[in-house]
Amino acid sequence: MSVDEKLARGLTRQAERAVFATSDEARRESFAFARALLNRNRDGRKIDSAGFNVPLARIGKTARENAATLRLEADRFAIGHPGIYRRQSLQPESIHHLRASKGDFVAREWAVAVDTIRVERGNMSARFWTAPVFFDNHIMTRYLQRGAGECGERIIDLVDAGLPLAGLYRACALTADGKRFHPWDVALPAPGGVLCGGTELVDCAALAYRFLLGHRAGGWGIDAEVASTTLQMTVSLRTYLSDETLSSGQMAIAIELRRWFVAHEAQLRAAPHLAYGWPSTVLDDGQAALVEAFRPLALAVQQEFTSWRRGLREDGYFDIRFDALAKDYVVAEWQQRSAGMDLLTRYMKTDMEQSQDG
């Protein structure tokens with residue numbers, strides 16, 4: 001059962017206010033928990049069950065009550081079994097979109113923060129990062145309008161479909177030599193329809209680094225892995241199409257996407273680099289095989305879903321020579337440089353180059 005557009009917009013705004021009011025708090029809680037465990041661990045002391053399970057119960061309760069929390073997995077630490085705290089939470093990000101004829105624009109969109117803390121054999125490791133998948137209020141409104149369910153449930157459905165498969169689209173959009181990205185249409189399976197959008201290059205500071213806490217040479221501490229650039233090829237999700245609105249060809253693709261996702265869900269969730277990694281991430285043989293298994297389906301999507309690429313190319317946006325662009329646009333001392341079409345177009349294929357490549 002669907003709802004009318006006015007009510008869907010109201011539910012979206014209500015969720016936005018609740019989530020954005022608490023998103024920073026959600027991330028700080030996870031980070032503070034990891035820091036407390038790290039302080040116990042850094043001088044060589046093992047973390048015992050009480051040292052993990054007691055604060056886990058407390059932070060787990062507050063996390064579940066936080067409006068920004070999408071999903072929480074909290075497993076108690078016991079001898080022979082790891083203790084795990086894993087949370088997905090929504091957070092606002094300022095996304096700088098690069099366009100030619102319409103001009104650049106910055107929009108506040110929704111991103112997913114992923115916090116993972118693991119204690120095993122008394123030692124702790126943790127990582128914090130932001131997935132390269134963004135969606136705005138429009139897609140949430142359409143999602144609520146065209147399908148039944150509570151707003152929070154629909155957001156979780158969106159994230160479940162978006163994060164694992166989005167990384168595969170990004171990997172397939174990268175050329176074999178690893179030097180150029182294609183703008184591709186993206187269709188993701190969702191209850192009763194598909195989420196639609198595509199790959200694009202955006203400027204977002206949160207994608208330039210991730211924190212890793214745990215053991216390193218010389219002791220325990222905090223490491224920050226810094227990517228070479230705040231410019232990243234991401235997946236932007238822009239609308240939800242219910243099954244009733246799909247053409248016969250699109251419906252066939254949607255059915256195959258759902259079947260493929262179910263068949264490979266365990267592999268996808270076991271390969272976080274596919275969902276959250278940067279273009280430079282080195283995939284192991286199993287992950288690379290998963291990308292190649294998905295490639296024929298991703299190519300089939302390009303035949304039936306074309307609106308994203310058509311809109312970008314009408315705006316003068318073509319393939320990105322990412323390897324050359326990244327070398328010229330680097331993060332210096334955590335300061336974000338200004339990006340614009342003047343920089344981007346130096347590394348973008350022209351119409352003539354596009355036609356020569358076929």
**Message:** Between Val301 and Val186, does the side chain to side chain contact (heavy atoms under 4.5 Å, CB included) criterion hold? Intermediate values first, please.
**Reply:** CA-CA 7 Å; Val301 169; Val186 167; over 6 Å; no
Please check if [X] and [Y] belong to a single hydrophobic cluster, counting links between Ile, Leu, Val, Met, Phe, Trp and Tyr side chain heavy atoms closer than 4.5 Å.
X	Y	value
Val106	Ile95	no
Met124	Ile84	no
Met251	Ile253	yes

**Request:** Assess whether atom CZ of Arg295 is packed by more than 12 heavy atoms of other residues, nucleotides or ligands within 6.0 Å.
**Result:**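 Yes, CZ of Arg295 has more than 12 neighbouring heavy atoms, counting only those of other groups under 6.0 Å.
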Can you confirm whether [X] sits close enough to [Y] that some side-chain heavy atom of one is under 4.5 Å from a side-chain heavy atom of the other?
X	Y	result
Phe135	Leu90	yes
Asp115	Arg27	yes
Leu165	Pro189	yes
Val235	Pro132	no
Lys46	Asn123	yes
Arg309	Gln302	yes

**Request:** Apply side chain to side chain contact (heavy atoms under 4.5 Å, CB included) to the pair Ser307 and Arg310, showing each step before the final yes or no.
**Result:** CA-CA 5 Å; Ser307 60; Arg310 185 170 62 250; 3.7 Å; yes
Strictly distance-based, threshold 3.5 Å: is any side-chain N or O of [X] a donor or acceptor partner for the main-chain N or O of [Y]?
X	Y	result
Asp136	Ile139	yes
Glu120	Pro82	no
Gln267	His264	no

**Request:** With sequence neighbours excluded, tell me which residues meet side-chain hydrogen bond (donor to acceptor under 3.5 Å, both in side chains) with Arg108.
**Result:**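 Glu16.
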**Item:** Steps toward side chain to side chain contact (heavy atoms under 4.5 Å, CB included) verdict (Thr141, Tyr240)
**Value:** CA-CA 9 Å; Thr141 297; Tyr240 169 77; over 6 Å; no
**Message:** Salt bridge or not between Glu25 and Arg28? Use side-chain N to carboxylate O under 4.0 Å.
**Reply:**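 So Glu25 does not pair with Arg28 through a salt bridge.
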**Asked** Looking at Glu73 and Arg71, does any basic side-chain N land under 4.0 Å from a carboxylate oxygen?
**Response**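 Result for this pair is no, no salt bridge flagged.
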**Request:** Indicate whether the side chain of Thr130 and that of Glu93 have a donor and an acceptor atom separated by less than 3.5 Å.
**Result:**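 Their side chains do not contain a donor-acceptor pair, so the 3.5 Å distance test is not met.
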**Request:** Compare every heavy atom of Gly51 with every heavy atom of Asp48, then report the nearest pair and how far apart it is.
**Result:**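 Taking every non-hydrogen atom into account, OD1-N, 2.7 Å.
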**Residue list, side-chain contact (heavy atoms from CB on, under 4.5 Å) with Ala63, at least two apart or on another chain** =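 Here the qualifying residues are Thr69, Leu72, Tyr85, Arg87.
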**Prompt:** According to the ring pair (Phe, Tyr, Trp, His ring centres under 6.0 Å) rule, which pairs have a member within residues 286-315, sequence neighbours left out?
**Reply:**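 Passing the test, one end in residues 286-315: Tyr169-Phe294, Trp260-Phe294.
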**Prompt:** Run the side chain to side chain contact (heavy atoms under 4.5 Å, CB included) check on Leu201 and Phe181 step by step: do they pass?
**Reply:** CA-CA 9 Å; Leu201 193 73; Phe181 267 112; 5.8 Å; no
